[in-house]
Amino acid sequence: MLKIENLHARVAGKEILKGLSLEAKSGEVHAIMGPNGAGKSTLGNVLAGRPGYEVTQGTVTFDGNNLLEMEPEVRAAAGLFLAFQYPVEIPGVNNTYFLRAALNAQRKARGAEELDSMQFLKLVRERVKEMGMTPDLLNRAVNEGFSGGEKKRNEVFQMAVLEPRLAILDETDSGLDIDALKQVAEGVNRLRSPERSFLVITHYQRLLDYIVPDFVHVLADGCIVESGDATLAKELEAHGYAWVRDRTPAEAQA
Amino acid sequence: MATQPGEVQAALSRRYGAGFVTDIESHSLPPGLGEDTIRALSAIKEEPEWMTEWRLAAYRRWLKMTPPNWAHLKLGAIDFQAISYYSAPKNKPKSLAEVDPKLLETYDKLGVPLHERAKLAGVAVDAVFDSVSVANTARDQLAKVGVIFCSMSEAIREHGDLVRQYLGTVVPQGDNFFAALNSAVFSDGSFVFIPKGVRCPMELSTYFRINAGHTGQFERTLIIAEEASTVSYLEGCTAPMRDENQLHAAVVELVALEKANIKYSTVQNWYPGDENGKGGIYNFVTKRGECRGDDSRITWTQVETGSAITWKYPSCVLRGDRSVGEFHSVALTNNYQQADTGTKMIHIGRDTKSKIVSKGISAGRSQNSYRGLVKVEKGALNARNHTRCDSILIGKKCGSHTFPYMEVKNPTAIVEHEATTSKISDDQLFYCRSRGIGEEDAVSMIVDGFCKQVFRELPMEFAVEAKKLLEVSLEGAIG
Ligand SMILES: Nc1ncnc2c1ncn2[C@@H]1O[C@H](COP(=O)(O)OP(=O)(O)OP(=O)(O)O)[C@@H](O)[C@H]1O
Ligand SMILES: [Mg+2]
């Protein structure tokens with residue numbers, strides 16, 4: 001589904017990703033861990049097509065197509081979703097209205113029927129219930145005045161409505177209370193299917209107790225320095241990143 | 001680089017949708033201005049002697065005045081002798097059936113289906129085409145409750161006493177250069193009278209269009225709300241594409257007596273000139289409302305996207321005790337447009353309150369200024385004002401300016417001013433796009449959100465129109 005090869009990317013003139021390779025097949029959940037400033041969010045932004053993130057080398061294909069050539073909205077319509085580490089506020093724009101515009105724009109791009117307000121409301125109500133969202137948040141402006149946790153939950157709620165085929169969750173667990181963490185994990189697990197893949201960026205093993213990944217990768221200094229199964233996360237939790245560095249000095253400095 | 005300058009810019013430079021000229025023969029006075037022209041104009045309109053004299057008095061004042069140059073605008077000299085001061089469709093129809101089909105077609109293109117709209121939305125439409133009202137509906141219904149809604153010309157002939165009593169009492173002849181000119185040569189406009197205790201049964205609406213070439217438009221509108229009456233008036237305008245700049249200098253006067261409530265909403269979409277700043281309407285309007293009676297209220301709501309140059313400060317004179325003035329404004333400028341708008345709130349009575357919400361959107365190479373005056377007179381005990389000015393910039397070549405003036409002569413006054421300026425943030429834009437929303441739709445969505453507070457003040461169908469207008473005006477604006 002997603003194939004990243006030797007990806008180099010610069011932000012503000014500085015090289016952040018330095019030859020990153022990663023492949024995620026349909027149905028797989030990949031956890032990405034790594035120290036602060038390693039380039040995890042940069043990876044998410046490059047994949048989502050954020051302007052200003054300049055790819056200098058390497059390739060990324062999504063379902064065999066060159067992802068890097070697509071506009072961000074085209075990537076979204078193709079089924080890519082990024083749950084932001086810091087979701088932005090859009091004052092005055094109603095949350096439900098926004099989500100409907102997004103869903104219908106995607107459907108239109110895919111040649112599917114747009115949903116009318118009744119159909120959309122029905123869908124939204126179901127998702128609200130599943131996600132344990134406060135319905136009140138739907139009637140407020142996008143993320144405006146939302147608490148940190150509410151913003152994160154709103155991201156996952158959007159994901160549940162948009163039903164992407166590849167979802168990148170950037171520290172969606174940070175700042176969540178215990179119940180919210182479970183609900184977010186359930187939201188992800190509910191979407192898990194042989195057709196969907198996830199990249200879950202996190203600092204905490206705890207999330208991975210709920211969303212059990214097929215693979216765990218360590219991203220340090222712009223590339224993947226270690227990959228393993230779910231047990232790798234536990235070892236990281238126990239030993240810290242220094243442990244990875246000590247084990248694979250050559251790769252970490254590559 | 002984040003969003004490329006070209007991208008928002010590309011989305012802003014869409015051609016003006018209402019640019020077409022209707023081919024109807026006009027009956028016009030030759031260009032030029034003098035006492036003779038004014039007498040001729042007054043004669044064509046079959047006005048009483050007092051009106052002719054009133055115009056001449058204004059003209060003599062105007063001759064001694066000079067055009068203002070203090071506004072934050074770049075303005076070429078206007079040749080007042082090159083303008084024709086009267087033009088009207090030749091055969092004045094008595095009913096909709098008699099209206100030139102081409103004219104109706106024009107309204108259709110603009111999305112103003114007179115009959116349907118009037119019936120469906122319960123709106124009485126008094127359409128001003130060039131200088132003379134050519135269509136007027138729903139008057140019978142209004143007449144039943146004693147509401148007068150007619151053209152100014154008709155009011156001068158049929159309701160002379162009312163006009164004479166109130167005309168020029170809010171905006172005096174010598175108030176400013178353009179008001180004086182308007183007083184001398186005003187062609188037509190709307191007259192509204194709501195008698196004591198009456199709640200006007202429908203929204204009143206007038207559509208203005210500027211059509212014949214070289215024709216300055218000098219509308220004159222007078223709205224009188226007697227004690228404890230209520231009225232909501234909607235004004236909308238859009239003009240066809242034109243090569244020369246056209247002058248527009250309207251005067252609007254509102255009088256609210258005790259406990260009366262006037263809501264005046266405008267959606268303004270005059271031709272702003274092309275991407276290079278050529279053509280377009282010069283819009284110099286004097287709009288003022290007086291809360292003459294205690295506990296009266298006047299609310300101005302405006303959405304401005306048009307004109308090459310706009311110079312406009314709808315104002316409230318809060319004379320009655322506990323009277324309230326509000327001003328809600330969205331002003332969008334693009335390309336080479338220049339707007340200098342704002343409001344004046346003059347607190348005279350005790351416990352008077354005013355509220356100002358201004359949202360400025362600048363794109364292209366446009367300049368968007370808010371200029372507001374809050375004045376609290378000596379006797380205005382416990383006056384309150386709250387002003388909020390937000391500006392949003394699209395691209396790097398435009399400008400936004402805020403000039404808040406305060407003159408407070410009573411120490412019990414509380415005058416608050418908040419101002420913010422922001423760019424349409426790349427983060428917001430990317431957030432929308434990452435959800436599948438295209439760039440243009442994202443910009444108009446963000447701008448619409450930014451304007452929400454003001455749109456809420458507009459009557460329902462106007463809010464929809466205003467939103468559409470912003471979308472059209474913003475196409476090609478990303479940068
Ligand atoms: N717009 C930018 N301008 C300058 N530097 C940037 C920019 N964006 C990211 N960086 C830098 O790139 C590096 C990687 O940042 P990134 O956000 O990808 O890290 P991360 O792995 O997500 O970290 P964290 O765990 O703290 O979220 C950091 O050193 C950061 O300062
Ligand atoms: Mg990060």
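Any value given below was found using the heavy atoms of this structure, including those in side chains, with hydrogens, waters and symmetry copies removed. Each chain gets a letter, A, B and so on, in the order the sequences are listed, and its residues count up from 1.
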What part of [X] gets within 4.5 angstrom of chain B, counting heavy atoms only: side chain, backbone, both, or neither?
{"X": "Ala141(A)", "answer": "neither"}
{"X": "Val142(A)", "answer": "side chain"}
{"X": "Arg50(A)", "answer": "both"}
{"X": "Gln158(A)", "answer": "side chain"}
{"X": "Tyr86(A)", "answer": "neither"}
{"X": "Ala101(A)", "answer": "both"}

Selection residues 136-148 of chain A - residue pairs positive for salt bridge (Lys or Arg N to Asp or Glu O under 4.0 Å), sequence neighbours left out: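 For residues 136-148 of chain A: Asp136(A)-Arg140(A).
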
Which atom of Glu73(A) lies closest to which atom of Arg433(B), heavy atoms considered: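 Glu73(A) and Arg433(B) have their closest heavy atoms at OE1-NE, 2.7 Å.
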
Minimum heavy-atom distance between Ala105(A) and Gly436(B), given as atom pair plus value: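 Shortest heavy-atom separation between Ala105(A) and Gly436(B) comes out as CB-O, 3.2 Å.
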
Atom pair CD1/CG of Ile90(A) and Leu429(B) - distance to nearest 0.5 Å: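 If I round to the nearest 0.5 Å, the distance is 9.0 Å.
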
Ser434(B) side, atom OG; Phe84(A) side, atom CZ - distance, nearest 0.5 Å: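 Here the rounded value is 3.5 Å.
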
Best-contacting candidate, Gln453(B), Met445(B), Arg435(B), against chain A by heavy atom pairs under 4.5 angstrom: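 Among the listed options, the one with the most contacts to chain A is Arg435(B).
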
Results of side chain to side chain donor-acceptor pair (under 3.5 Å) for Thr96(A) - residues two or more places apart only: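 For Thr96(A) there are no side chain to side chain donor-acceptor pair (under 3.5 Å) partners, ignoring immediate neighbours.
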
Heavy-atom neighbours of [X] [atom1] exceed 12 at 6.0 Å:
{"X": "Arg110(A)", "atom1": "CZ", "answer": "yes"}
{"X": "Lys353(B)", "atom1": "NZ", "answer": "no"}
{"X": "Lys3(A)", "atom1": "NZ", "answer": "no"}
{"X": "Glu416(B)", "atom1": "CD", "answer": "yes"}

Looking at [options], which one has more heavy-atom pairs under 4.5 Å with chain B than the rest?
{"options": "Leu80(A), Leu103(A), Val88(A), Leu162(A)", "value": "Val88(A)"}
{"options": "Pro164(A), Ala77(A), Pro91(A)", "value": "Pro91(A)"}
{"options": "Leu99(A), Val93(A), Asn104(A)", "value": "Val93(A)"}

Pair Tyr431(B)-Asn143(A), side-chain hydrogen bond (donor to acceptor under 3.5 Å, both in side chains): steps then yes or no: CA-CA 11 Å; Tyr431(B) 190 78; Asn143(A) 293 323; 3.3 Å; yes

Non-hydrogen side-chain atoms of Pro51(A) and Asp426(B) separated by less than 4.5 Å: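 No, every pair of side-chain atoms sits at 4.5 Å or beyond.
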
Chain A contact via Cys451(B) - side chain, backbone, both or neither, heavy atoms under 4.5 Å: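 For Cys451(B), no heavy atom lies under 4.5 Å from chain A.
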
